[in-house]
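As structure tokens, the structure follows; a few thoughts come after it.
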Amino acid sequence: MPLTGIEIFKLLPKTNCGECGVPTCLAFAMSLAAGKAELAACPYVSAEAKVKLEEASAPPIRPVTIGVGNRALKVGGETVMFRHEKRFENPPGFALLISDTMTESEVDSRLDRFKKLQYERVGLTLRPELVALKCGSQDTGKFAALVTRVKQGSEANIILMSQNPKILSAGLAVCAERKPLLYAATRDNLEQVAELAKANSCPVVAKAEGLDELASLTSKLTQSGIKDIVVDSGARTLHQAFEDQIITRRAALLKKFRPLGYPTIILANEMTGDPMKEALVAATFVAKYGGIIVLSDFQGESLFPLLVLRMNIFTDPQRPLATTEGIYEIGGPGEGSPVLVTSNFSLTYFIVSGEVENSRVPSYLLVKDTEGLSVMTAWAAGKFGADTIAPFIKKSSIADKIQHRKLIIPGYIAAESGGLEEELPGWEILVGPREGAHIPAYLKSWKQ
Ligand code: SF4
């Protein structure tokens with residue numbers, strides 16, 4: 001059971017030094033209990049208290065990292081049943097299945113698709129993260145050759161798929177430093193696979209036939225010193241897998257049942273032979289608690305909607321998507337180019353920057369931090385008026401880049417033009433269009 005704020009407070013140093021960002025240890029304890037602070041923020045917790053607090057403040061679903069470096073995938077770490085309660089933390093990873101029974105050209109074309117199928121959307125790069133390397137041949141040499149080919153040809157995080165410890169060992173001999181996920185430890189091979197996972201510090205999947213057996217397997221793995229576990233209940237129908245996901249999440253979050261407190265893996269590729277149905281299965285588990293989703297192949301028409309769905313579900317509902325505040329140069333502007341200002345709501349930024357680009361008039365676009373609110377909302381909230389835009393313009397150093405002193409503001413905040421001219425002496429404030437679609441025509445008539 002998690003500790004209360006008072007129980008946490010008893011374990012803190014009680015010096016009220018304030019280095020954690022709040023004035024007292026009690027306030028810090030309350031923030032920790034509410035999940036609003038990290039224990040690492042207090043540098044003075046004793047080692048003994050740290051162990052107790054880390055155990056008590058650990059998320060009910062353990063975060064597990066697969067792979068290394070900045071492309072590593074972190075799954076799990078979830079704290080809520082429903083997105084609207086707070087937010088979902090770590091999006092599920094999509095894995096492309098590759099088998100050692102495939103021809104070399106098929107393997108290469110899959111790796112090629114893995115690399116090419118990535119998309120820019122609202123300033124983010126959407127792409128898959130994993131390849132699931134399956135040993136269908138039962139031949140250690142063939143499997144090792146496949147792992148070598150994939151390792152040399154891709155930066156993907158790797159899942160090694162075999163229930164034969166010797167085959168997993170052959171794969172690990174090639175790619176252990178990439179910290180692959182071992183699929184899978186079962187009741188028949190648990191000790192050998194646990195040894196491999198421990199020796200190579202790799203995460204491991206516990207695969208069972210049902211949730212009772214799954215809880216027993218994860219308990220045995222943790223007793224043998226393994227913490228980074230991903231779980232597979234063995235369900236291979238949509239109905240059963242869906243039910244298992246809900247039960248697993250509820251048990252971990254609401255009952256604090258640690259043996260099921262791990263991210264899950266969904267083998268959508270084994271639930272249907274129809275690519276369209278497979279995409280629908282995958283979409284179901286993007287929304288309902290999948291940690292890793294294995295697909296039989298990647299095709300743009302199914303992967304792209306899945307990536308967009310994942311992005312939408314895993315954005316924080318309390319924080320709109322925002323673009324970084326700053327000066328954006330579009331089309332190579334110079335000292336006579338127009339200067340526009342807008343809010344940092346991502347959708348606003350992408351519409352406005354897209355229309356400025358369409359105009360083919362090189363321009364500066366100043367994006368002001370409005371906490372991700374759109375122009376009208378930010379204006380109504382007092383975050384995009386003359387008193388906040390003027391200081392932003394001054395500190396942005398845009399004046400050093402241009403000869404003129406003309407600023408184009410969105411048509412929706414025309415009422416701010418007088419206030420801005422007062423706050424920005426020497427500047428002429430021009431009221432631009434209300435709609436982004438009218439920006440190209442407006443800019444084409446620009447005169448310095
Ligand atoms: Fe207390 Fe630690 Fe915060 Fe200092 S840094 S106030 S000791 S909790």
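Computed over heavy atoms, backbone and side chain alike; hydrogens, waters and symmetry mates excluded. All ligand and atom numbering here is 1-based and tracks the order in the structure.
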What atoms of ligand 1 come within less than 4.0 Å of a heavy atom belonging to Asn16? 6 (S)
Leu39 CG to Lys52 NZ distance, which is reported to the nearest 0.5 Å: 13.5 Å
Can you tell me which residue and heavy atom of the protein come closest to atom 2 (Fe) of ligand 1, and the distance to 0.1 Å? Cys42 SG, 2.3 Å
Could you list which atoms of ligand 1 come closer than 4.0 Å to a heavy atom of Thr15? 7 (S)
So Ile229 and Val64, do their side chains get closer than 4.5 Å, heavy atoms only? no
Assign the ring pair Phe114 / Phe298 to parallel, tilted or perpendicular, where the plane angle (0 to 90°) is split at 30° and 60°. parallel
Looking only at protein heavy atoms, identify the closest one to atom 1 (Fe) of ligand 1 and say how far it is in Å. Cys25 SG, 2.2 Å
Test item: Tyr183 and Leu267 side chains (from C-beta on) under 4.5 Å apart, heavy atoms: yes
Note the single closest protein heavy atom to atom 3 (Fe) of ligand 1, along with its residue, its atom name and the distance in Å. Cys20 SG, 2.3 Å
With a cut-off of 2.8 Å, does any N, O or S atom of Cys17 fall short of it relative to atom 3 (Fe) of ligand 1? no
Could you check if a side-chain atom of Leu347 sits within less than 4.5 angstrom of a side-chain atom of Ser374, using non-hydrogen atoms only? no
Proximal atoms of ligand 1 relative to Phe28 (non-hydrogen, under 4.0 Å): 8 (S)
Counting C-beta onward and ignoring hydrogens, is there a side-chain heavy-atom pair between Pro128 and Leu96 closer than 4.5 Å? no
Looking only at protein heavy atoms, what sits closest to atom 6 (S) of ligand 1 is Gly18 N, 3.2 Å
